[in-house]
Protein chains: 2
Amino acid sequence: MDKEREDEIDLAQLTDYFGYQLRQAQTASFRDLSEPFRELDVTPGEFSLMTIVKLNPDIRQTDLLRIYRLDKSTMSVAVKRLVGRGLVTQDQLPGDRRFHGLSLTEAGREVLAAATALVEAQERRMEDALGDIDKEAMMKALRRIVGALRRD
Amino acid sequence: MDKEREDEIDLAQLTDYFGYQLRQAQTASFRDLSEPFRELDVTPGEFSLMTIVKLNPDIRQTDLLRIYRLDKSTMSVAVKRLVGRGLVTQDQLPGDRRFHGLSLTEAGREVLAAATALVEAQERRMEDALGDIDKEAMMKALRRIVGALRRD
DNA sequence: TATTGTTATACTCTATAACTATA
DNA sequence: TATAGTTATAGAGTATAACAATA
């Protein structure tokens with residue numbers, strides 16, 4: 001047995017699976033961001049959470065759950081971490097006092113701006129890698145897959 | 001503030017990010033498999049590990065690390081769990097006694113066959129969802145992205 | 001009674017560091 | 001010294017269950 005390089009390992013059907021390539025691409029994207037993100041002390045998941053909060057001031061955790069399909073306890077913990085780092089505030093809203101409206105702090109906006117620059121740089125590298133392949137068709141395909149696999 | 005449905009939440013630039021759609025599609029795929037896989041007591045990651053082991057009998061952990069880009073301790077723990085469940089064997093190889101060749105047991109082959117059927121059913125659903133979009137172009141695009149983001 | 005959110009707890013996945021054994 | 005693999009430990013990320021506050 002002497003498999004010196006990855007190409008000599010038989011991955012056969014695995015590499016023909018859509019799901020496998022999807023995972024490879026997704027983990028490559030996360031891994032690529034993880035180092036520069038670490039300096040900002042945010043994760044890719046927190047970046048996307050903060051982006052939604054920025055675009056939707058006073059959004060509630062329940063709304064975020066519909067997007068992320070996580071358990072509410074998971075979301076609560078994630079929010080708590082962002083609040084603890086002073087990136088997000090949780091404000092009592094007028095009306096239903098069970099709701100807590102989420103918004104970015106000034107520090108949160110700064111971190112988000114830096115993270116966004118990193119993400120967009122990666123986006124450009126991915127677009128370049130696509131070459132002649134139509135990006136919009138790719139995006140549409142990914143959305144269709146999400147729709148097909150979604151079960152509510 | 002009254003955001004009753006997901007579509008009313010402004011996701012704006014987020015949904016235009018390739019990385020975001022990639023993650024959505026990948027987590028949809030995992031989530032979709034998680035329930036049927038739970039009955040087999042394997043994870044999607046274990047499925048792909050077992051597939052590689054099946055195709056490459058007596059493969060070593062070091063070889064798997066080049067494919068998965070994990071820490072060797074992570075791989076060791078993953079292998080140990082599969083061995084503990086009697087799905088994989090770790091055999092001393094002739095020659096260098098530091099290596100342990102991994103192979104599937106009969107039980108491992110059975111579990112893998114059942115898992116493969118589930119994965120391939122999902123693959124067909126994803127292909128159907130693509131409609132007129134060229135699957136091969138998609139696969140090529142994903143491989144290019146992985147290549148572009150890989151740094152060794 | 002139902003909903004929003006929190007907390008306690010546990011399991012998985014991952015990495016770092018220190019280790020054993022072999023080379 | 002270097003490599004293959006293990007173990008101990010710790011940090012994310014996730015879920016379930018039980019809870020408090022509010023409706």
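To find a chain, count down the sequence lines: A is the first, B the second, and so on, and within it residues start at 1.
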Point to revise | Nucleotide range of DNA chain C lying under 4.0 Å from chain B heavy atoms | key: C/dC13 to C/dA23
Exercise for review: Supply the members, apart from B/F18, of the Ile/Leu/Val/Met/Phe/Trp/Tyr cluster built from side-chain contacts under 4.5 Å; use none for a lone residue.
Suggested key: A/F18, A/L22, A/M126, A/L130, A/I133, A/M138, A/M139, A/L142, A/I145, A/L149, B/L22, B/M126, B/L130, B/I133, B/M138, B/M139, B/L142, B/I145, B/L149
Review point. How far does the helix from C/dT1-D/dA23 to C/dA23-D/dT1 bend, going by the axes of its first and last five pairs, to the nearest 10°?
Key: 20°
Review point. Once each nucleotide of nucleotides 5-10 of chain D is scored for protein heavy atoms under 4.0 Å, what B/S/- sequence comes out, 5' to 3'?
Key: BBB---
Practice item. Would you kindly give the CD-to-C1' distance between A/E46 and D/dG11, to the nearest whole Å? Key: 12 Å
Review point. So does A/R97 get a side-chain nitrogen or oxygen closer than 4.0 Å to the phosphate oxygens (OP1/OP2) of D/dA21?
Key: no
Point to revise | Non-neighbouring partners of B/D71 that pass salt bridge (Lys or Arg N to Asp or Glu O under 4.0 Å), sequence neighbours left out | key: none
Check your understanding: Taking only residues two or more places apart in sequence or in another chain, which ones pass salt bridge (Lys or Arg N to Asp or Glu O under 4.0 Å) with A/R31?
Key -> none
**Study point:** Test side chain to side chain contact (heavy atoms under 4.5 Å, CB included) applied to B/S76 - qualifying residues, sequence neighbours left out
**Key:** B/Q61
Review point. NA contact type, B/R31, heavy-atom cut-off 4.0 Å: base, sugar-phosphate, or nothing?
Key: nothing
Study note, to complete from the structure: A/L70 atom CG is separated from D/dT16 atom C1', nearest whole Å, by 14 Å
Check your understanding: How would you list, by chain and number, every residue that makes a side chain to side chain contact (heavy atoms under 4.5 Å, CB included) with A/F37, sequence neighbours excluded?
Key -> A/L33, A/V42, A/P44, A/F47, A/A115, A/L118, A/V119
Point to revise | Contact list for residues 99-121 of chain A, test salt bridge (Lys or Arg N to Asp or Glu O under 4.0 Å), sequence neighbours left out | key: A/E106-A/R109
Revision key, fill the gap. A/L65 atom CG is separated from D/dT16 atom C1', nearest whole Å, by 15 Å
Check your understanding: Which pairs pass side chain to side chain donor-acceptor pair (under 3.5 Å) with one or both residues in residues 77-87 of chain A, sequence neighbours excluded?
Key -> A/E46-A/R85
Revision key, fill the gap. Sorted by chain and residue number, the side chain to side chain contact (heavy atoms under 4.5 Å, CB included) partners of A/S34 (sequence neighbours excluded) come out as none
Study note, to complete from the structure: Residue set satisfying side chain to side chain contact (heavy atoms under 4.5 Å, CB included) with A/E39, at least two apart, ordered chain then number -> none
Review point. Closest heavy-atom contact between B/S48 and A/R23?
Key: OG-NH2, 3.9 Å
Review point. Is B/Q21 reaching over with its side chain to a backbone N or O of B/T15, donor-acceptor style, under 3.5 angstrom?
Key: yes
